[in-house]
Number of protein chains: 2
Amino acid sequence: MLNEKFDRYSFILDQTAKKVKQFAQSSFTEKGFDITVDQWAVLKALYETEQLSQKDLARRCGKDQPTLTRIVDILLKKGLAERVIDETDRRSLYLHLTEEGKLKVASLSPIVAEIRMKAWEKLTEKDFEDFTRILNTIYNNLNV
Amino acid sequence: MLNEKFDRYSFILDQTAKKVKQFAQSSFTEKGFDITVDQWAVLKALYETEQLSQKDLARRCGKDQPTLTRIVDILLKKGLAERVIDETDRRSLYLHLTEEGKLKVASLSPIVAEIRMKAWEKLTEKDFEDFTRILNTIYNNLNV
DNA sequence: TAAATATATTTGTCATACTAAATATTTGTA
DNA sequence: TACAAATATTTAGTATGACAAATATATTTA
């Protein structure tokens, strides 16, 4: 393959990832969700598996620990999640959603799914499969 | 298509874009380039088309104007670029590379292309075409 | 058991993304 | 021409991402 092409894919990839995030964020804002897209990712992960330590939650969300700490700080301030010290290992914290947090995830989930759907207009199941396969391959190629 | 799938693509897309950036950044750091990946994008755009206004440069790099202002500030401090007031429109600034900046882009370009290549191991020309087509379609679907 | 090592979290710093607002200048219009 | 609207850039504030270092606690090992 020609090198020239390759200098472009990273740009398109980056721009598209940004656009996906922007689109979701502006939908969130417009609908008054009062959370960021990244905060949503953390809330969703906590909803699906309660009682995660911050470390596990970070891995699950694809975020590093300092970033996660800060996002969780915000979720605490918003009353959506709680930190509980793990008495079996006092270095660790378990996180879980408050009732308000659970309600929020349950009520927003279908709307978020709708928002995410929009990206796939004019694309096929096969496109989706190719897309995820290629992304995973790239990820693994670079995951040294 | 099932909604459930769709909640995942944005995650994979985001993680892969991050990984591509991280891989490039750690290669840059390891090789002592002394610039960030985003600073590189701006330098490359300036190298390809000198005399861009900041506004045009921002569009070309896919960055917003405040972000670009700050990146350019850094490039000035590093002695790689210069701002020149456009006398025909004193609101505007033209940007161009210093000699040092030009040398930097010329010498790093082939190494950066190498770094970018790594992502495409085990993938085909057809994959590349599908990938860029799908990314562009998603971008346009969300570009309201 | 004491010291060294490992682990979970937090804090600090810098770079980037986005929004809104401020500033300077130009253009359009009454 | 004077004023309103538009444009280019910068500044400010908040959130996130990456990396290094600090802190507290656990585990391993001499």
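Just so it is clear: chains get the letters A, B, ... in the order the sequence lines come, proteins before strands, and each one is counted from 1.
Residues B:Glu48 and B:Lys44 are paired through a salt bridge, judged by an N-O separation under 4.0 Å between the basic side chain and the carboxylate. We find that B:Asp64 and B:Arg59 are not joined by a salt bridge, their nearest charged nitrogen and carboxylate oxygen being 4.0 Å or further apart.
Contact check, B:Thr69 against D:dT11: no side-chain N or O comes under 4.0 Å of OP1 or OP2. Taking side-chain N and O atoms only, A:Thr36 has a distance below 4.0 Å to OP1 or OP2 of D:dT16. OP1 or OP2 of D:dT9 has at least one side-chain nitrogen or oxygen of B:Gln65 nearer than 4.0 Å. Using a 4.0 Å cut-off, no side-chain N or O of B:Lys21 falls inside it from OP1 or OP2 of D:dG17.
Using bins of under 30°, 30° to 60° and over 60° for the plane-to-plane angle, the ring pair B:Trp120/B:Phe131 lands in the perpendicular bin.
With no hydrogens or angles considered, a side-chain donor-acceptor pair links A:Asn143 and B:Lys19 at under 3.5 Å.
Atom-to-atom, CZ of B:Phe11 to P of D:dT16 comes out at 16 Å; the value is rounded to the nearest Å. Atom NZ in A:Lys18 sits roughly 14 Å away from atom P in D:dG17 (whole-Å rounding). Between the CG atom of B:Asp56 and the C1' atom of D:dT9 there is a distance of 13 Å, rounded to whole Å. Note: CZ (A:Arg83) to P (C:dT9) measures 9 Å, nearest angstrom. One interatomic measurement links the two molecules: CG of A:Asp89 to P of D:dA26, which rounds to 6 Å at whole-angstrom precision. Atom NZ of A:Lys55 and atom C1' of C:dA6 are 11 Å apart (whole Å). Atoms CH2 (A:Trp40) and C1' (D:dT16) sit 19 Å apart, rounded to a whole Å. In this structure, the CZ atom of B:Arg70 is 15 Å from the P atom of D:dA15, given to the nearest Å.
When each of A:Ser53 and A:Gln22 is assigned the nucleotide of DNA chain C bearing its nearest heavy atom, the one mapping closer to the 5' terminus is A:Ser53. Residue-to-nucleotide proximity on DNA chain D shows that, of A:Gln39 and A:Thr88, the 5′-proximal contact is made by A:Gln39. Comparing A:Tyr94 and A:Asp14, the nucleotide of DNA chain C nearest to each residue sits closer to the 5' end for A:Tyr94.
Residue contacts shown for B:Leu68 are absent, as no nucleic acid heavy atom lies under 4.0 Å away. Contacts of B:Ser92 with the nucleic acid, taken as non-hydrogen atoms under 4.0 Å apart, involve only primed sugar atoms and P, OP1 or OP2. Among the heavy atoms of the strands lying under 4.0 Å from A:Gln54 are primed sugar atoms or P, OP1, OP2 only; no base atom is included. In this structure, A:Gln25 reaches neither bases nor backbone, as no heavy-atom distance under 4.0 Å exists between it and the strands shown. Contacts of B:Asp64 with the nucleic acid, taken as non-hydrogen atoms under 4.0 Å apart, include base atoms.
Put simply, the side chain of A:Asn141 gets close to the backbone of B:Glu121: a donor and an acceptor are under 3.5 Å apart. Using modelled atom types, one side-chain atom of B:Tyr9 and one backbone atom of A:Arg116 make a donor-acceptor pair closer than 3.5 Å.
Evaluation of atom-type donor-acceptor distances gives no pair under 3.5 Å for the side chain of A:Arg91 against the base of C:dT9.
Using the Watson-Crick or G-U wobble rule with both distances under 3.5 Å, D:dA30 pairs with C:dT1.
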